[in-house]
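Report on one structure; see the data block that follows.
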Amino acid sequence: MVTWNNLDTLASYKELQAVEQVNLAEAMSGENGAERVKKYSVPMAEGLAYNYGAKQVDDNILNVLAKLAEEAQLTEKYEALYNGEMINTGEKRLVLHQLTRGQLGEPVVADGVDKRAFYVEQQTKIAEFANKVHAGEITNAAGEKFTTVVQIGIGGSDLGPRAIYIALENWAKVNDTLKMKAEFISNVDPDDASGVLSKIDVAHSIFVLVSKSGTTLETLTNESFVKDALEKAGLDPSKHMIAVTSETSPLAKSDDYLAAFFMDDYIGGRYSSSSAVGGAVLSLAFGPEVFAQFLAGAAAEDELAKEKDLLKNPAMLDALIGVYERNVLGYPDTAVLPYSQALSRFPAHLQQLDMESNGKSVNRFGEPVNYPTGPVIFGEPGTNGQHSFYQLLHQGTDIVPLQFVGFKNNQMEQDVVIQGSTSQQKLCANVAAQIVAFACGKDDENRNKKFEGGRPSSIIIGEKLTPEALGALLSHFENKVMFQGFVWNLNSFDQEGVQLGKVLAKRVLAHETDGALKVYSDLLNI
């Protein structure tokens with residue numbers, strides 16, 4: 001029997017607050033540090049590993065975290081989720097994004113259909129469509145192949161798919177699987193759409209409109225912008241556009257689109273990269289085989305998240321260490337720092353994934369919670385970040401936990417030896433140095449040059465960023481956020497916090513304003 005309780009009612013949480021804290025600078029110094037790094041590592045799927053040697057934990061803390069995982073019934077709650085129980089209490093919906101990449105448990109039937117079969121059906125239809133586009137069976141009006149795909153969507157319809165495309169673009173070039181260049185239009189700012197349209201050949205472009213409801217203001221505005229550009233070029237927009245939407249939306253059976261592929265209400269936007277939302281644009285860009293590899297990596301990591309032993313479950317372990325940092329150590333932020341230029345937009349995706357999911361101050365039952373919940377997430381790729389905000393991370397007044405990601409090999413298989421080492425070796429040397437510098441610090445009589453240390457970090461290490469590794473990485477963070485939401489007794493799968501601004505914006509556009517809203521509207525010449 002699964003029960004949902006606030007974190008501060010759990011006996012293991014009280015025990016966690018009382019356990020002796022780790023002096024990280026001491027623990028990571030000398031041979032003790034070497035043993036920690038070797039010991040505190042857990043394998044992930046697709047050759048990745050989660051290493052938490054530089055986290056502020058020890059065996060005593062880990063034992064209590066294991067008790068917390070058991071008392072909070074994290075394994076049972078995950079099982080309830082993938083077996084189709086109604087986990088999204090705010091919207092009274094199932095939560096099925098893991099089902100897009102594999103069957104983890106019992107068949108899930110909703111709306112009278114087997115949902116795994118539904119997702120596979122959409123993937124198959126997308127694959128067939130993409131293959132026809134690549135083969136020149138679906139062309140523009142002149143019978144010429146499409147060479148560019150443009151995704152029109154915002155939020156989860158943009159951030160995840162964009163991050164994944166950027167992450168695999170260079171890999172695809174080297175492996176000869178880059179079928180079409182992809183671009184993305186998301187912001188209602190007209191400069192976004194104009195900028196993309198100015199650098200593509202619209203006559204050879206296919207546009208993917210992504211809107212579950214078919215009513216998203218920003219997306220429909222940008223669709224009209226694109227249609228206008230197509231018409232001005234003498235082109236029929238209906239021959240250049242496809243839709244990813246729900247079966248009940250006004251877009252589903254419209255003659256305005258070459259094809260429509262379907263999503264449903266059981267997958268939130270920020271969790272939708274492995275659904276048709278990511279499937280259409282990524283299959284067109286890379287080919288459906290590459291998208292299938294990405295799904296396989298995510299499925300393998302989803303399986304690992306079922307593991308009951310905390311020390312063999314990387315997503316749950318990462319989640320609980322994060323809870324300890326947030327609720328016991330009092331750290332308000334987390335920096336995501338990929339030492340891979342390919343992951344340059346991955347932190348932006350994780351901002352939405354984490355902050356939209358767990359940025360809540362009431363529990364699953366709408367009652368206020370009396371403890372901190374989701375942290376602020378930010379980040380940039382290394383080594384760029386080192387020359388930007390690492391100053392604050394090293395010597396600022398707040399301690400910010402760090403999540404590094406690094407790979408032993410680069411994607412494009414090109415490098416050069418300069419001053420006795422390759423660029424990739426220099427990149428990896430920097431991340432290794434940063435982990436130890438943050439943890440151990442440096443004493444100096446000059447206070448300006450003193451580093452206190454004691455700044456915790458983890459690192460996910462892989463051989464190379466491949467589609468399978470990227471899928472596993474995405475799943476790891478999705479499941480980490482899920483487990484943290486379970487611990488905090490939150491509904492991580494709705495996002496009411498984005499709604500109020502939308503409502504007020506419609507009032508502004510309808511000129512139904514007063515008070516401060518009217519003054520701001522006048523100042524902005526609306």
Side-chain angles (χ1 to χ4, degrees), residues 21-22 24-25 27-28 32-59 61-62 65-66 69 301 304-305 310-329 331-340 343 346-347 350 353-354 374-382 385-386 390 393-394 399-408 428 430-440 453-462 465 469 472-484 487:
Q21 296 181 9
V22 171
L24 185 61
M28 280 292 289
N32 288 337
E35 291 305 314
R36 281 180 63 88
V37 176
K38 293 174 186 175
K39 176 181 179 181
Y40 289 144
S41 181
V42 55
M44 296 169 58
E46 306 301 341
L48 300 174
Y50 171 67
N51 189 295
Y52 55 104
K55 282 293 191 181
Q56 208 166 337
V57 298
D58 58 13
D59 289 350
I61 292 169
L62 292 169
L65 290 178
E301 193 67 26
L304 271 183
L310 177 64
L311 299 185
K312 296 179 181 178
N313 187 326
M316 188 186 294
L317 181 59
D318 193 359
L320 285 170
I321 292 174
V323 169
Y324 176 65
E325 290 172 334
R326 186 78 176 102
N327 295 97
V328 177
L329 300 180
Y331 303 150
D333 314 303
T334 296
V336 181
L337 308 169
Y339 275 62
S340 166
L343 292 175
F346 200 66
L350 295 187
L353 173 65
D354 202 314
V376 172
I377 304 294
F378 69 97
E380 284 287 332
Q386 293 176 201
Y390 277 36
L393 300 183
H394 275 293
I399 291 179
V400 179
L402 316 164
Q403 289 200 308
F404 292 100
V405 180
F407 297 92
K408 299 174 188 177
C428 292
N430 270 278
V431 70
Q434 290 294 332
I435 293 171
V436 174
F438 279 118
C440 298
R455 306 199 173 214
S457 68
S458 63
I459 181 169
I460 294 174
I461 301 174
L465 184 57
L473 193 66
L474 180 78
S475 166
H476 173 87
F477 283 104
E478 287 181 349
N479 291 326
K480 173 193 174 181
V481 168
M482 172 193 70
F483 284 130
Q484 288 187 330
V487 173

Output all residues satisfying side-chain contact (heavy atoms from CB on, under 4.5 Å) with [X], sequence neighbours left out; order by chain, then residue number.
X	answer
Ala69	Leu74, Met316, Leu320
Ala66	Leu310
Val436	Cys440
Arg455	Ile399, Phe438

Can you sort out the partners of [X] under side-chain hydrogen bond (donor to acceptor under 3.5 Å, both in side chains), two or more places apart, ordered by chain and number?
X	result
Asn430	Gln386
Asp354	none
Asn327	Trp488
Ser475	Asp302, Asn479

List the residues meeting salt bridge (Lys or Arg N to Asp or Glu O under 4.0 Å) with [X], not counting sequence neighbours, and say none if there are none.
X	value
Asp318	Lys480
Lys39	Asp59
Glu301	none
Glu325	Lys55

Are [X] and [Y] side-chain neighbours, meaning at least one heavy-atom pair lies under 4.5 Å?
X	Y	result
Leu343	Val405	yes
Phe378	Val336	no
Cys428	Lys408	no
Pro375	Ile377	yes
Leu48	Ile461	no
Tyr52	Ile459	no
Leu329	Gln21	yes
Pro314	Leu304	yes

Distance-minimising heavy-atom pair for [X] and [Y]:
X	Y	result
Ile435	Ser457	CG2-OG, 3.6 Å
Glu46	Ala472	CG-CB, 4.1 Å
Ala27	Val22	CB-CG1, 4.0 Å
Tyr390	Gly385	CD1-O, 3.0 Å

Handout entry: Any side-chain donor near an acceptor of the partner, Gln403 and Tyr50, under 3.5 Å
Key =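 There is no such pair between these side chains.
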